[in-house]
2 protein chains.
Amino acid sequence: MSAQPPVRKPRVDAERNRLKLLATAKAVFASKGMDVGLEEIAREAGFGIGTLYRHFSTREALIVQVYRNEADQLAAAAERLAIEQPPVAALRAWMLLFVEYFATKQIIAGALATMVSGRELYATSGGQITKSMTLLTDRAVARGEIRLTVEPLDLLRAVAGVANGGAGSDWEAHARAMVDILIAGLRVPGGDVPTSG
Amino acid sequence: MSAQPPVRKPRVDAERNRLKLLATAKAVFASKGMDVGLEEIAREAGFGIGTLYRHFSTREALIVQVYRNEADQLAAAAERLAIEQPPVAALRAWMLLFVEYFATKQIIAGALATMVSGRELYATSGGQITKSMTLLTDRAVARGEIRLTVEPLDLLRAVAGVANGGAGSDWEAHARAMVDILIAGLRVPGGDVPTSG
DNA sequence: TTTAAATGCGGAGGGTTCCTCCGTTTTCAA
DNA sequence: TTGAAAACGGAGGAACCCTCCGCATTTAAA
């Protein structure tokens with residue numbers, strides 16, 4: 001039964017090159033924008049375009065991997081906030097953190113927005129973010145502090161819409177303000193936060 | 001001084017072809033999605049690609065013209081609603097209408113979203129929409145029924161974010177729900193709608 | 001009606017990108 | 001050491017957007 005596939009140790013050069021490509025891609029995306037040609041990234045890393053494509057079968061695959069760390073960090077923050085803060089505060093804090101990612105790493109804005117949108121290819125990273133939002137909203141709903149008439153992710157989509165579209169210089173402030181508008185809009189009419197914690 | 005440019009009557013065939021291209025583009029965009037090649041549109045209309053480009057100097061220019069009608073209709077609706085309905089109700093109704101445009105003509109979602117986002121090229125159509133939103137929100141703010149901490153357009157950006165990103169089948173319902181979340185979030189804390197309206 | 005100028009038309013092809021394919025080179029394990 | 005498995009490089013296929021310019025059609029004047 002067991003075909004005993006001759007497991008070869010993965011070649012060290014390949015992994016080293018993969019990491020080099022990843023790092024270079026991140027740097028180049030940051031300095032030249034998200035729409036640079038992949039050939040430029042490959043050249044900058046010192047490889048041929050073929051090598052890049054063997055490691056990352058498509059442009060989107062590369063982007064996903066480059067920003068997986070960011071998604072991981074957001075997910076970790078969600079779990080921490082869920083433990084450390086009361087439900088609505090945690091939700092709000094995390095959404096503001098999401099905005100901050102748009103702000104400090106403007107470059108990845110497109111990538112984050114796509115993760116939040118319906119594209120299939122971002123399923124992995126997007127799944128992280130979906131999970132985070134669900135975790136945070138579920139708590140608040142369970143305590144009766146908010147009522148949810150949309151999917152948890154829709155809240156991020158709204159924020160991302162503001163952050164993406166804002167040509168004005170104040171888009172970050174507006175995105176933050178949008179978080180509070182959303183939170184206010186979700187609060188159940190009569191429900192004050194129970195001070196008993 | 002006056003060079004007296006010999007004004008020639010514009011050729012009728014050119015205008016006829018322009019309209020034909022516009023109609024064909026609308027149909028093809030609707031049936032095959034917004035990312036069809038322009039060559040296919042030209043062929044379907046019975047022209048060469050060169051003709052299409054003479055009339056619409058760029059892909060975006062074509063899209064803008066195709067959906068200018070839609071933007072005009074939305075603008076007209078805004079003025080009507082502003083007259084016929086109380087401020088917040090008018091604002092809500094118009095935003096729901098905006099969602100409806102996403103729903104019935106899903107295809108143009110991308111175009112509408114782009115108008116609402118910061119792209120320069122959509123300035124004309126986008127300007128219409130900005131004006132509509134400002135008209136509607138200003139009234140409600142003036143009456144003290146809502147407080148605005150974001151640009152009027154940011155509300156649409158939020159809705160568009162939901163409508164665009166929603167892969168699920170219920171995205172329209174969610175976008176509508178988002179409108180109400182936003183309205184609720186904008187309402188000034190103690191302020192009930194004056195029934196005397 | 002004829003004629004010349006102005007305008008419109010068609011589609012080959014230039015320039016970019018994304019991605020594939022396969023001969024060559026490097027690494028790993030026996 | 002050596003042979004096979006895995007990785008590399010880059011030419012080039014495919015799909016687009018858009019430009020260019022010789023040819024066809026329309027307009028206005030003779």
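Since the model is a prediction, treat every value here as computed from it, not as a measurement. A, B, ... follow the sequence lines: proteins, then strands. Residue 1 opens every chain.
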- Might you point out which heavy atoms bring Leu21(A) and Ala45(A) nearest each other, and give the distance in Å? CD2-CB, 3.8 Å
According to a strict under-4.0 Å criterion, is [X] in side-chain N/O contact with OP1 or OP2 of [N]?
X: His55(A); N: dC8(D); result: yes
X: Thr58(A); N: dC18(C); result: no
X: Ser57(B); N: dC18(D); result: no
X: Thr51(A); N: dA7(D); result: no

Tell me: [atom1] of [X] to [atom2] of [N], nearest whole Å?
X: Leu52(A); N: dA7(D); atom1: CG; atom2: P; result: 15 Å
X: Arg43(A); N: dT17(C); atom1: CZ; atom2: P; result: 11 Å
X: Leu38(A); N: dT20(C); atom1: CG; atom2: P; result: 12 Å
X: Tyr53(B); N: dC20(D); atom1: OH; atom2: C1'; result: 14 Å
X: Arg18(A); N: dT27(C); atom1: CZ; atom2: C1'; result: 18 Å
X: Asp13(B); N: dA6(C); atom1: CG; atom2: P; result: 17 Å
X: Phe47(B); N: dC18(D); atom1: CZ; atom2: C1'; result: 19 Å
X: Phe56(A); N: dT17(C); atom1: CZ; atom2: P; result: 20 Å

Sub-4.5 Å side-chain heavy-atom contact between [X] and [Y]:
X: Ile63(B); Y: Phe29(B); result: yes
X: Val99(A); Y: Glu172(A); result: yes
X: Trp171(B); Y: Val162(B); result: no

- Item | Angle by which the axis turns from one end of the helix from dT1(C)-dA30(D) to dA30(C)-dT1(D) to the other, five pairs per end, to 10 degrees | 10°
Base, sugar-phosphate or nothing for [X]? Non-hydrogen atoms, less than 4.0 Å.
X: Gly50(A); value: base
X: Arg54(B); value: base
X: Ile49(B); value: base

- Query: side-chain hydrogen bond (donor to acceptor under 3.5 Å, both in side chains): which pairs involve residues 78-96 of chain B, sequence neighbours left out?
  - Reply: Arg92(B)-Asp180(B)
- Check the pair Glu70(A) / Lys26(A) against salt bridge (Lys or Arg N to Asp or Glu O under 4.0 Å), numbers first and verdict last. CA-CA 12 Å; Glu70(A) 269 69 9; Lys26(A) 192 167 189 170; 3.6 Å; yes
- Message: Can you say whether a donor on the side chain of Arg11(A) sits under 3.5 Å from an acceptor on the base of dA6(D), or the other way round?
- Response: yes
- Query: If you take atom types as modelled and just measure distance, does the side chain of Arg59(A) reach the base of dT17(C) with a donor-acceptor pair under 3.5 Å?
  - Reply: no
- Query: Would you say the side-chain atoms of Thr137(B) pair up with the backbone N or O of Met133(B), donor to acceptor, closer than 3.5 Å?
  - Reply: yes
- Item | Residue whose closest nucleotide on DNA chain D lies nearer the 5' end, Lys9(B) versus Gly48(A) | Gly48(A)
